[in-house]
Amino acid sequence: MFDALQLTRIPAEDEALRGKVRALIAEHVLHRPVTERVRSWMGIDADFSRALGAAGLLGLTLPVDYGGAGRGPFARYVVVEELLAAGASVGLHWIADRQSALVILTFGTEAQKRSYLPRICRGELFFCIGMSEPEAGSDLASVRTGAERTETGWRLTGQKIWTTAAHLCDYAIALVRTSGTAADRHRGLSQFIVDLKAPGVTIRGIEDATGHRDFNELFFDGVELAADALLGEEGAGWAQVNAELAFERSGPERIWSSAVLLDSWIGHLKQAGADEVRTERVGGFMAQLSALRALSIAVTARLAAGEQPVVEASLVKDLGTSFEQAIPAAIADDLGGHPDEAVAPQLRAALIDALALAPAYSLRGGTREILRGIIARGLGLR
Amino acid sequence: MELRAAFERLLDANAGDALMPALDGAGYLDALRELPLSEVEPLLRALGARAVDAPVAETMAVRAVAAPSRSLLAVMAAAEMAGIGERLLEMSLEHANTRRQFGKPIGGFQAIQQQLAVMAEQVVLTRIAAQSGCAHGLEPPLVEAAAAKSVASSAAPTITAIAHAVHGAIGIAREFPLHRFTARLHALRMSHGSESYWNRTLGKIRIEAEAENSLDFLRHV
């Protein structure tokens, strides 16, 4: 069962990338407070995104011809795990690098590839996701945002929500209905590259529980799109968005979200002392992380073999996010269990933020229940 | 693959007291003297998949190194546990697809599907942890051994609980084979250090380590 997930070693030429990433991390990340680093891929740092681009560390899997590094998924794995384990603010380029660029590469026209991909690789062009709507979350096929043909292209009307970093991004790749009605479900959907600066686009922020503005609502009020805003084939949006979700779910980022908090807490234990209970907790997390990392690398090997390991990636994501969520919960008990011990305000603040954000780990990119449904179908259950 | 298939034929042909002499005669008890642990690991899973409770792994270890370390015995136990988990998952899927209630196979209900998904996750996690533990020869690094056996032992209660939940009452009937596999998994969970033992071992190493972060720590095992 799931025999494709085999213990794999990261190739030496990809391991060799670590030095370059770590140098950038030392320069841009390590001096930042834990409260900032704990936000990991929700953190924003435009300078750092551009520095990664300048160092050739974005678009690693894209062809050299389009400004990429022409390398394989293992190269991206190494760079991404170094960034996330250190808590680098990667939110601005994250979506473009992880999925938008690959969707454009896979389904875009030659002109679209030439236009967008080199700038994504340089860290100059940022994308956000245009999937969820107020009435379409897990049931993504029920999107109501629509595009109708005009003489020059398309007119876009509707609304998207939970769009991370939209207010800082240049484009969204939106899933919209181009024919039929909601009853047609998977038929009649298409993807568009939407310029967020275009007239008729309104972006309204949604503050999250920690007081940060990551989420946005996007309103499209008769936005005029040129014909070349259509991405891929008209009516093929459902297949394309599922390919995009496969890119979204296959990355290694689903095990590292609480790593900075975990390490900060371990730093606290070094000072405050660790009794048997604490030591046992640390060991349990390290054991789980070790196995999850091995699974993440095994998924990367399937990507490197040219497969779309949808079920395997779902399995690792569900395990990984459960692990990420267990960490803040355990640390809260641990610190609360030592009420007379001094705790650095930074650690306490980072913990409170992590507790508030952790529920999102098993929502974003597909809820736990949706993922388990995918796994069950992979097991042959109907 | 061929090695495992031949080994499995021997396991299936020899029950009870005949098993150890048969394995010895065919040279399998000396497997670790001739093959790397990573290549013996599939044989250990084959033992698990049959809930063999003869001391095959321990005998292999003793024949290869006079006084095998707890780490070596632990990673070998983890591999057997992975094999049990794989078999329990197969049995549970088979049962879910054939047992009918409310007019359809119980595997058609989301409540059962979601539990089996969780079970599959824990089985796959156990397997990769065991393979990691078995990737370093006859002297597994303490961190690798700890991670392997901790993960396998932590997964055991979840795997057995879901297997029994899916099977219903028949699962604890003596005539039905399920309990042999879950009992063996419970036994191996305790053998050569359960999760709390290995978590204490691993936690101490991590807390005392100079590593920059946890990624750095895991990479330099």
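Each chain gets a letter, A, B and so on, in the order the sequences are listed, and its residues count up from 1. Keep in mind it's a predicted model, so treat the numbers as computed, not measured.
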What I'd like to find out is whether the side chain of A/L262 reaches to under 4.5 Å of the side chain of B/R206, using heavy atoms alone. no

Taking the side chain as every heavy atom from C-beta outward, state whether B/I205 and A/M286 have any pair of such atoms under 4.5 Å apart. no

Closest-packed option against chain B by number of heavy-atom pairs under 4.5 Å, given A/E280, A/R372, A/E312: A/E280

Could you tell me which portion of A/R9 (side chain, backbone, both or neither) has an atom closer than 4.5 angstrom to a non-hydrogen atom of chain B? neither

Quick check on A/L7 against chain B: is it the side chain, the backbone, both or neither that has a heavy atom closer than 4.5 Å? both

Is there side-chain contact between B/E121 and A/V316, with at least one heavy-atom pair below 4.5 Å? no

If I measure from the heavy atoms of chain B, does A/L84 come under 4.5 Å with its side chain, its backbone, both, or neither? neither

Looking at CG of A/L379 and CG of B/L116, how far apart are the two atoms once the value is rounded to the nearest 0.5 Å? 7.0 Å

Straight-line distance of A/S296 OG to B/I128 CD1, nearest 0.5 Å: 10.0 Å

Side-chain heavy atoms of B/N199 within contact of A/R281, under 4.5 Å: no

With a 4.5 angstrom heavy-atom cut-off, is it the side chain or the backbone of B/V118 that approaches chain A, or both, or neither? side chain

Can you list the steps and then say if A/V282 with B/R200 is a side-chain contact (heavy atoms from CB on, under 4.5 Å)? CA-CA 8 Å; A/V282 171; B/R200 284 196 297 276; over 6 Å; no

Would you give the length of the straight line joining atom CZ of A/R382 to atom CG of B/N97, rounded to the nearest 0.5 angstrom? 10.0 Å

Evaluate side-chain contact (heavy atoms from CB on, under 4.5 Å) for B/E212 paired with A/D263, printing each intermediate quantity in order. CA-CA 9 Å; B/E212 216 167 275; A/D263 287 338; over 6 Å; no

Passes side-chain contact (heavy atoms from CB on, under 4.5 Å), B/D216 versus A/E82? Steps please. CA-CA 9 Å; B/D216 200 37; A/E82 287 289 343; over 6 Å; no

Electrostatic pair B/E208:A/K270 at N-O distance under 4.0 angstrom: no

So which residue, A/E15, A/R18, A/R377, ends up with the most heavy-atom pairs under 4.5 Å with chain B? A/R18

Under a 4.5 Å heavy-atom cutoff, which of A/L269, A/L315, A/I375 has the most pairs with chain B? A/L315

For the interface with chain A, which of B/Q131, B/Q114, B/E195, B/E144 has the highest count of heavy-atom pairs at distances below 4.5 Å? B/Q114

Mind checking whether B/S154 and A/Q288 have side chains closer than 4.5 Å, heavy atoms only? yes

Quick one: CZ on A/F285 to OG on B/S214, what's the gap to the nearest 0.5 Å? 11.0 Å

